[in-house]
Engineer: 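Can you keep this structure in mind? I'll have questions shortly.
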Amino acid sequence: AQKITQTQPGMFVQEKEAVTLDCTYDTSDQSYGLFWYKQPSSGEMIFLIYQGSYDEQNATEGRYSLNFQKARKSANLVISASQLGDSAMYFCAMRGTYGNNRLAFGKGNQVVVIP
Amino acid sequence: DSGVTQTPKHLITATGQRVTLRCSPRSGDLSVYWYQQSLDQGLQFLIQYYNGEERAKGNILERFSAQQFPDLHSELNLSSLELGDSALYFCASSAIAGSTDTQYFGPGTRLTVL
């Protein structure tokens with residue numbers, strides 16, 4: 001079974017500063033995918049970034065980057081130059097292989113960006 | 001906008017009733033997933049369909065059922081509703097069903113059971 005752990009308490013971040021959201025995972029799969037999603041107060045789930053377990057480079061998408069440390073089983077999300085619109089809940093998720101395509105989610109990290 | 005549509009956006013009903021949630025995947029996506037988000041359980045996978053066939057089942061109650069139609073839209077049927085079924089129900093879609101496939105989520109249906 002796959003397990004995702006997000007244990008940080010809610011965070012307040014100053015606008016224009018960077019923020020790192022922690023995610024650790026546990027899986028017995030050799031090949032897997034790691035995802036981050038953003039859920040603003042309006043409720044929708046927005047895909048941010050993906051990292052494959054065999055990807056040699058850390059994924060980046062605009063202001064989002066994923067700090068992937070495979071040996072430590074961590075996949076931290078870094079948001080650079082925070083904006084007020086970044087205030088949201090952020091979920092780390094994992095997807096396995098061999099027919100197990102469901103996403104397993106962590107409990108989320110709450111981020112509030114203050115001006 | 002992810003391209004995944006869900007209707008209705010909100011649904012309020014009474015215990016014991018039956019409701020149907022509808023999802024249209026992104027154009028070209030063959031795989032549809034249903035998830036439930038509640039305060040106590042978090043986000044949980046319910047069921048997956050791929051090109052009309054059930055592919056995987058998660059923590060889906062026997063009172064719940066789903067199907068995917070030939071035009072690839074999907075419906076989630078919830079019956080004998082209980083207070084604890086109140087949650088945000090998401091549909092997601094992906095192109096195929098591989099592990100690297102990104103799942104794009106719809107806006108969700110918020111179900112309130114009174």
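Since we're looking at a predicted model, the values are computed, not measured. Order of the sequence lines sets the chain letters (A, B, ...), proteins ahead of strands, with each chain counted from 1.
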Engineer: Tell me, for B:Q37 versus chain A, whether the close heavy atoms (under 4.5 Å) come from the side chain, the backbone, both or neither.
Structural biologist: side chain
Engineer: List the steps, then state whether side-chain contact (heavy atoms from CB on, under 4.5 Å) holds for B:F105 with A:L103.
Structural biologist: CA-CA 12 Å; B:F105 282 70; A:L103 286 172; 4.1 Å; yes
Engineer: Report the distance from atom CE of A:M45 to atom OH of B:Y35, rounding to the nearest 0.5 Å.
Structural biologist: 9.0 Å
Engineer: Which value, rounded to the nearest 0.5 Å, describes the distance between A:Y50 atom OH and B:T102 atom OG1?
Structural biologist: 7.5 Å
Engineer: Is it true that atom CG of A:L84 has more than 12 heavy atoms of other residues, nucleotides or ligands lying nearer than 6.0 Å?
Structural biologist: yes
Engineer: Run the side-chain contact (heavy atoms from CB on, under 4.5 Å) check on B:Q103 and A:R95 step by step: do they pass?
Structural biologist: CA-CA 10 Å; B:Q103 294 181 26; A:R95 187 176 189 179; 3.6 Å; yes
Engineer: I want to check something: taking the side chain as every heavy atom from C-beta on, are A:F105 and B:F45 in contact at a cut-off of under 4.5 Å?
Structural biologist: no
Engineer: Are there more than 12 heavy atoms of other residues, nucleotides or ligands under 6.0 Å from atom CZ of B:R26?
Structural biologist: yes
Engineer: I want to check something: taking the side chain as every heavy atom from C-beta on, are B:V4 and A:E44 in contact at a cut-off of under 4.5 Å?
Structural biologist: no
Engineer: Would B:V113 and B:L46 show up in the same hydrophobic cluster when neighbours are defined by side-chain heavy atoms closer than 4.5 Å?
Structural biologist: yes
Engineer: Applying the 4.5 Å side-chain criterion to the ILVMFWY set and letting contacts propagate, would A:M89 and B:F90 be lumped into a single cluster?
Structural biologist: yes
Engineer: So which part of A:Q51 gets closer than 4.5 Å to some heavy atom of chain B, the side chain, the backbone, both or neither?
Structural biologist: neither
Engineer: Following the transitive rule for hydrophobic clusters with a side-chain heavy-atom cut-off under 4.5 Å over Ile, Leu, Val, Met, Phe, Trp and Tyr, establish whether A:I46 and A:Y37 coincide in one cluster.
Structural biologist: no
Engineer: Are more than 12 heavy atoms from other residues, nucleotides or ligands located less than 6.0 Å from atom NZ of B:K57?
Structural biologist: no
Engineer: Determine, using the 4.5 Å side-chain heavy-atom cutoff (strictly less than), whether B:L21 and B:Y33 are members of one ILVMFWY cluster.
Structural biologist: no
Engineer: How far apart are the closest heavy atoms of A:R102 and B:G58, and which atoms are they?
Structural biologist: NH1-CA, 3.8 Å
Engineer: Identify which part of B:L43 has an atom lying under 4.5 Å from any heavy atom of chain A, answering side chain, backbone, both or neither.
Structural biologist: both
